[in-house]
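One-based numbering, in listed order, for ligands and for the atoms of each.
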Amino acid sequence: MKDFIDDQLIANILAEAKEQPALRVREIIQKAKELKGLTPEETAILLQTEDQELFMEILQTAREIKRSIYGNRLVLFAPLYITNFCANNCLYCGFRRDNKELNRVALTMEQIASEVKVLEREGHKRLLMLCGEHPTRSNLDYFLEAIATAYATKTEKGGEIRRINVEIAPLSTEEFRRLKATDIGTYVLFQESYHHETYRRMHPTGPKADYLWRLTAMHRAQAAGIDDVGIGALFGLYDYKFETLGLLMHARQLEQDCGVGPHTISIPRLEPAMNAPAAIAPPHPVSDHDFKKLVAIIRLAVPYTGMILTTRETAAMRSEVFDLGVSQISAGSRTNPGGYQEDSSDNFRAAQFNLGDTRTLDEVIYDIATNGHIPSFCTACYRLGRTGGDFMDLAKPGLIQKFCRTNALMTFKEYLMDYASPATLTLGNQLIHSLEEQTTDVKTRRLLEDRLRRIGSGERDLYI
Ligand code: SAM
Ligand code: SF4
């Protein structure tokens, strides 16, 4: 496949988008409200807008779009690192080959099952499984066995993992077929930087040095039948405006070639990491102001693509950007293999990077519920085959609200009954009750009342 990221084209679009009149910016904001997305040229004009009043209008529009498409639910997941062995040397990552101080670990299947049990006993139902890239200590066979182990690991009170998204190095189409056969949810992979020169500098050796092999991974995944794919860029390596346009170019190319764009976009910002020079001094640090701006602009540009925010961000920052367009968040995370069972004092020696939000799942849930968000552990769409284009068909007419809201409330109720602290239980029940009262559609309300009652009497894993 040909390289579809043209650095010069992106630079030109950004240069031409500078200093546009407020009227033009407002026209674009108005167009975004129609939920049809924006072109790269329009997106670039928003990115180049420095006016504070227009910035506030962009944020406000992002909030409105988020509400109208996704409602107030937030889907929760936990990352599960199974090994930190890595043959690559990414300058920003603690797992890089040259970090000789890292405590290298490849979890055994028993250890993976123990990690999963800890997460299940906290209430998690969705995992993102990840690892370094290593020919012998972290290969596909090992990874596939780990997925099977995690799905097979059950705990009391119906504790189980219902969806595993995966984030592993790019595979061939044939290998993606094997991955698809293990029943994964979304295949996630970040391009890190869409800027070729930056990419080359950040990935000096190892298989990851091949920009094009990584860029085209999602096309191969789609060809192998994985129709939910998640893209991302690591913000801080290069100009955030360039990377945002790179993400959009990638999304458009997938839509054009595969008939469906990415299911999610991830927006990680660089965090400090051990012996990782680019993480300790990021070449293009993204300020909090610019981070909010890019989240909001992505929401306007690709309204139906979910956005993922992880515990790299602090609790305060996370609450600020949830409303701007984030639909999935991680909680209670560890980035070192074995970290869920271990004493936290040992974590740093094996971790990929430092975390901004170290709260437990229950603390995060209490916080987001206080702010009126519905914590969701829903896995319905993927289990009912509503993926790829089918998911988009569902999302576009606004049905996402109806299905997802009901499923979110059901899974939240399960969490409250099985895992919540007393304070979260009281708060959560109040929230569910008030949201039930606000459900105006009679059929939906009856359905919701029925399912909540059934969950109250002990049924589990109900979804529509
Ligand atoms: N090794 C695979 C890869 O590189 O694609 C799997 C994912 S890697 C374990 C997860 C992601 O963590 C990387 O894609 C990168 O964007 C991100 N990451 C690495 N170092 C980071 C840092 N210092 N701060 C924030 N994110 C980082
Ligand atoms: Fe390895 Fe991925 Fe870290 Fe690069 S980002 S060193 S590939 S784990």
Side-chain angles (χ1 to χ4, degrees), residues 79-100 102 104-107 127-135 137-140 142-143 146 165-171 179 186-194 198-199 201-211 213-215 217-218 221 229-238 243 246-247 264-286 291 308-314 317 330 333-337 339 348 350-357:
L80 178 61
Y81 284 77
I82 57 169
T83 164
N84 56 12
F85 278 95
C86 194
N88 289 312
N89 215 357
C90 314
L91 296 190
Y92 45 79
C93 180
F95 292 177
R96 62 198 292 259
R97 194 197 58 189
D98 283 359
N99 182 4
K100 304 292 182 214
L102 191 80
R104 303 273 169 186
V105 195
L107 299 183
L127 297 184
L128 173 67
M129 197 182 274
L130 358 76
C131 57
E133 181 175 12
H134 194 277
R137 307 305 299 268
S138 178
N139 58 24
L140 186 60
Y142 169 68
F143 197 77
N165 297 337
V166 306
E167 187 172 343
I168 52 166
L171 301 174
L179 186 61
T186 309
Y187 173 65
V188 178
L189 185 73
F190 307 156
Q191 186 61 26
E192 319 296 9
S193 175
Y194 284 93
T198 302
Y199 188 93
R201 269 190 289 111
M202 291 296 151
H203 307 104
T205 53
K208 195 163 167 180
D210 188 341
Y211 178 105
W213 180 245
R214 197 168 181 91
L215 184 69
M218 296 313 182
V229 298
I231 61 174
L234 184 53
F235 284 93
L237 297 178
Y238 190 59
E243 303 294 11
L247 283 167
T264 53
I265 290 183
S266 295
I267 41 172
R269 262 199 299 187
L270 269 178
E271 286 295 317
M274 190 212 281
N275 293 332
I280 294 158
H284 291 263
V286 180
F291 189 65
I308 303 181
L309 189 76
T310 69
T311 45
R312 291 172 179 88
E313 297 297 333
T314 61
M317 191 60 191
S330 53
S333 308
R334 296 279 179 277
T335 68
N336 58 314
F348 186 68
Q352 192 192 17
F353 50 80
N354 297 357
L355 295 171
D357 181 353

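Counting only heavy atoms from C-beta outward, the side chains of N99 and M274 approach each other to under 4.5 Å.
Counting heavy atoms closer than 4.0 Å to ligand 2, residue H203 contributes nothing at all.
Residues E271 and N354 have side chains that never bring a donor and an acceptor to within less than 3.5 angstrom of each other.
Scanning both residues, N84 and V105, for their nearest heavy atoms gives OD1-N, 2.7 Å. Pairing each heavy atom of P283 with each of L270, the nearest pair is CD-CD1, 4.4 Å. Summarising the geometry of Y81 relative to N336, their closest heavy-atom pair is CB-C, 4.2 Å, with the distance given to 0.1 Å.
Geometric assessment of R137 against the ring of Y142 yields a negative cation-pi assignment under the 6.0 Å and 45° thresholds.
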(request) Report the C-alpha separation of T335 and F95 in whole Å, then their side-chain angles, then the decisive distance to 0.1 Å, and conclude whether the side-chain contact (heavy atoms from CB on, under 4.5 Å) test is met. (result) CA-CA 10 Å; T335 68; F95 292 177; 5.5 Å; no
(message) side-chain contact (heavy atoms from CB on, under 4.5 Å), that's the test. Do M202 and E192 meet it? Break it down for me.
(response) CA-CA 9 Å; M202 291 296 151; E192 319 296 9; over 6 Å; no
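The protein heavy-atom contact nearest to atom 2 (Fe) of ligand 2 is K208 NZ, 3.8 Å.
Around atom 3 (Fe) of ligand 2, the protein atoms of type N, O or S found under 2.8 Å away are C93 SG, listed by chain and number.
Here H203 and Y92 bring their ring centres to under 6.0 angstrom of each other.
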Taking a 3.5 Å cut-off between nitrogen or oxygen atoms, can you list every pair linking ligand 1 to the protein, with distances?
| residue | atom | partner | partner atom | Å |
| --- | --- | --- | --- | --- |
| ligand 1 | 1 (N) | C131 | O | 3.1 |
| ligand 1 | 4 (O) | K208 | NZ | 2.8 |
| ligand 1 | 5 (O) | R214 | NH2 | 2.6 |
| ligand 1 | 12 (O) | R312 | NH2 | 3.2 |
| ligand 1 | 12 (O) | Q352 | NE2 | 3.2 |
| ligand 1 | 14 (O) | E192 | OE1 | 3.4 |
| ligand 1 | 14 (O) | E192 | OE2 | 2.6 |
| ligand 1 | 16 (O) | E192 | OE1 | 2.5 |
| ligand 1 | 16 (O) | E192 | OE2 | 3.4 |
| ligand 1 | 20 (N) | Y92 | O | 3.4 |
| ligand 1 | 23 (N) | Y92 | O | 2.8 |
| ligand 1 | 23 (N) | E271 | O | 2.8 |
| ligand 1 | 24 (N) | E271 | N | 2.9 |
| ligand 1 | 26 (N) | R312 | NE | 2.8 |
| ligand 1 | 26 (N) | R312 | NH2 | 3.4 |

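The SG atom of C93 sits 11.5 Å away from the CG atom of N275 when rounded to the nearest 0.5 Å.
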